[in-house]
Amino acid sequence: MAENGEHGNANGGGKGLARIETKAEDGICHDDSAPPVKAQTIDELHSLQKKRSLPSTPMNDGLQQGNAAFATVSEEERHKLRLQSISASLASLTRETGPKVVKGDPARKADAGKAGAVHHHYFTPAISVSDSALKFTHVLYNLSPAELYEQAIRYEKGSFITATGALATLSGAKTGRSPRDKRIVNDETTAEELWWGKGSPNIEMDEHTFMVNRERAVDYLNSLDKVFVNDQFLNWDPEHQIKVRIVSARAYHSLFMHNMCIRPTPEEVENFGTPDFTIYNAGQFPCNRYTHYMTSSTSIDINLARKEMVILGTQYAGEMKKGLFSLMHYLMPKRRILSLHSGCNMGKDGDVALFFGLSGTGKTTLSTDHNRLLIGDDEHCWSENGISNIEGGCYAKCIDLSMEKEPDIWNAIKFGTVLENVVFDEHTREVDYSDKSVTENTRAAYPIEYIPNAKLPCVGPHPKNVILLACDAFGVLPPVSKLTLPQTMYHFISGYTALVAGTEEGIKEPQATFSACFGAAFIMLHPTRYAAMLVEKMQKYGATAWLVNTGWSGGRYGIGSRIKLAYTRRIIDAIHSGSLLNANYKKTQVFGLEIPTEVEGVPSEILDPENTWPEKAAYEETLLKLAGLFKKNFEVFANYKIGQDAELAEEILAAGPNF
Ligand SMILES: Nc1ncnc2c1ncn2[C@@H]1O[C@H](COP(=O)(O)OP(=O)(O)OP(=O)(O)O)[C@@H](O)[C@H]1O
Ligand SMILES: O=C([O-])CC(=O)C(=O)O
Ligand SMILES: [Ca+2]
Ligand SMILES: [Mn+2]
């Protein structure tokens, strides 16, 4: 710059800066060899960067799915209908109108007034009597992962891109679900239909209180400059698909549900119509402790008649996923379909296995198997058509995740994946999966197609094997046993696991947990209703059940150690291949479980836990202790009939521990 001698003297001479001549050698000027951009200003240049996205194929005739109304209308008209539908979703039920929703990001002022971009005011002006009716709420509708990343990083503290491209985020004060704050409206219909009272997860609330919380959530959402709206599907069985709308305040929540629900194609979005169920997630805003029934600042409320769910006072995204699962536990049995808290995969020959188990027992880890096709990791339906996944994504525990032990999950943590509550290096952004500083319940939520051998669509034939997983921190259940049908029902209804809460210091007592149907927090009907359907289906389709202990061996927690994942995988392999069916078996004391004497790839001495304990007396004492806990838990079910077959019901009661 200095060579023309006028540097620093710009105002001298009255002529301004001398022009720098760029000499064209050989007729080529290197600085502008490319054609000039078609823009006069930087803003115009930036406006060229993004082009409008359109549905990839032309509109169909729209006559299916009862959306005939959408068939004959123009694109503009359809967008107008959609905004009206969203406005109706967000409408206050006590004020004059719904909010004036506007499509697009309020920060993108440059787009204002541009054709198709934003600011279509479709609503007839009413005389507004409240300030909130005068304001606009911008709707960020079905944004892509890239757009949601930008929103999260820009506006949500604690959002970062990790070294592998995942979006690290914090869920706030709550890092797990709040089952004691989940309420269901008890109305004329649900009073009859649902399971209430002792042992039931359904804590009641009345319709009026629901409306108070709904209004609180809607007012909160409408007070924001923008909300995220996801329109998506549940259930891969097209015959029983449910349309859900999720209205939320955080990009994190929108990306989480984008990953976890089934993603509509652009055409399906165009034809979406009215949702079957709507979630209002105002999780950053508390419920009002003066409101009837509220016992904390958190409330997760389901109203089945209104087909709505309201979330106040928790930002933990799993509430949305599991709230919808509760909905499915209500809707599907009405259609004689069994909803299941289970993982599911399929062999190359079409043999399907279900993996039941409570949180942390291995559904995701074991259903994600490089040698098999993944149908789903957590929520399924078993209908006349076979098995279908409810979700479009997986939700894996990340604590102590390693590339060697869980390569497919490790590799799924990339761009688009939500990584909750993990700790990472502030410079390299490498995640330290062993760090529990925020919580032990660190999680990754990714679309199922991030698993290379996902089975798409996520459906499969009737299961051949049903695997009940228990993480037995008492260390007395065998690594694998074959169950009779009555034993299967007994263990399914018991829903046992024992984890050790907080593993920081000292030896802690394992805590036995019994959760009916391996998911009592999500069931809506009495557990025996689901159990009866399971018996019926297992009998009809001839499935074999197994109990697999993914927990302790060689002593209880503090003395023994967790069974190596590699051994559990060999056991599961032997179940899938059918080789375990033909093994030699012996029966254990107390629980009366059939245990194989050999499993390929697993040291035989660990197959009978009695062999692995250093002290026989301690083993027997612990075994009886656990058996006692099983017995006590089952007392409440003793008076219930399970299924049509009275004899079977008796057998189920007798299939528990005997001592
Ligand atoms: N032998 C084992 N078998 C299975 N999992 C094991 C074993 N040993 C350690 N683990 C660990 O236990 C955890 C199992 O968690 P997983 O995500 O599979 O739970 P989940 O059943 O899917 O629960 P949720 O319903 O909460 O998602 C993983 O972190 C896994 O690495
Ligand atoms: O819902 C959650 O937070 C995780 C999960 O799958 C479970 O607990 O079963
Ligand atoms: Ca899981
Ligand atoms: Mn789960």
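The structure presented is a predicted model; accordingly, all values stated were derived computationally and were not measured. One-based numbering, in listed order, for ligands and for the atoms of each. Only heavy atoms go into these numbers, but all of them, side chains included; no hydrogens, no water, no symmetry mates.
- With respect to Ser494, the side chain to side chain contact (heavy atoms under 4.5 Å, CB included) criterion is satisfied by exactly one of Leu468, Leu629, Asn633: Asn633.
- Residue-ligand proximity: His341 is placed with a non-hydrogen atom under 4.0 Å from ligand 2.
- Between Tyr433 and Trp410, the ring centre distance stays below 6.0 Å.
- Heavy atoms of Lys363 stay at 4.0 angstrom or farther from ligand 2.
- Residue Arg177 has at least one N or O atom closer than 3.5 Å to an N or O atom of ligand 2.
- Two rings, from Phe415 and Tyr149, have their centers less than 6.0 Å apart.
- Looking at ligand 2, you won't find any N or O of Tyr395 less than 3.5 Å from one of its N or O atoms.
- Remark: ligand 2 and Lys321 share no N or O pair separated by less than 3.5 Å (distance only, no angle test).
- Each of Val185, Leu327, Leu331 was evaluated against Leu304; a single residue qualifies, Leu327, per the side chain to side chain contact (heavy atoms under 4.5 Å, CB included) test.
- Electrostatic pairing of Glu308 and Arg245 does not count as a salt bridge here, judged by no charged N lying under 4.0 Å from a carboxylate O.
- Ligand 2 has at least one atom lying under 4.0 Å from a heavy atom of Tyr316.
- Only the side chain of Asp378 comes within 4.0 Å of ligand 2, judged by heavy-atom distances.
- Put simply, the angle at the Mn ion (ligand 4) from NZ in Lys322 to NE2 in His341 is close to 100°, to the nearest 10°.
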Requested in this report: Could you check Asp378 against Lys322 for salt bridge (Lys or Arg N to Asp or Glu O under 4.0 Å), going step by step and ending with a plain yes or no?
Outcome: CA-CA 10 Å; Asp378 199 55; Lys322 281 304 206 291; 2.6 Å; yes
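- For atom 6 (O) of ligand 2, the closest non-hydrogen atom on the protein side is Lys322 NZ, 2.6 Å.
- The existence of a salt bridge linking Glu156 and Arg250 is confirmed by a sub-4.0 Å separation between a basic side-chain nitrogen and an acidic carboxylate oxygen.
- For Asp378, the N/O/S atom at the shortest distance from the Mn ion (ligand 4) is named OD1.
- Interface atoms of ligand 2 facing Arg443, defined by a heavy-atom separation under 4.0 Å, are 4 (C), 5 (C).
- Taking backbone and side-chain atoms together, Thr364 has an N/O/S atom less than 3.0 Å away from the Ca ion (ligand 3).
- Remark: Arg214 qualifies as a cation-pi partner of Tyr280 under the 6.0 Å distance and 45° angle criteria applied to the six-membered ring.
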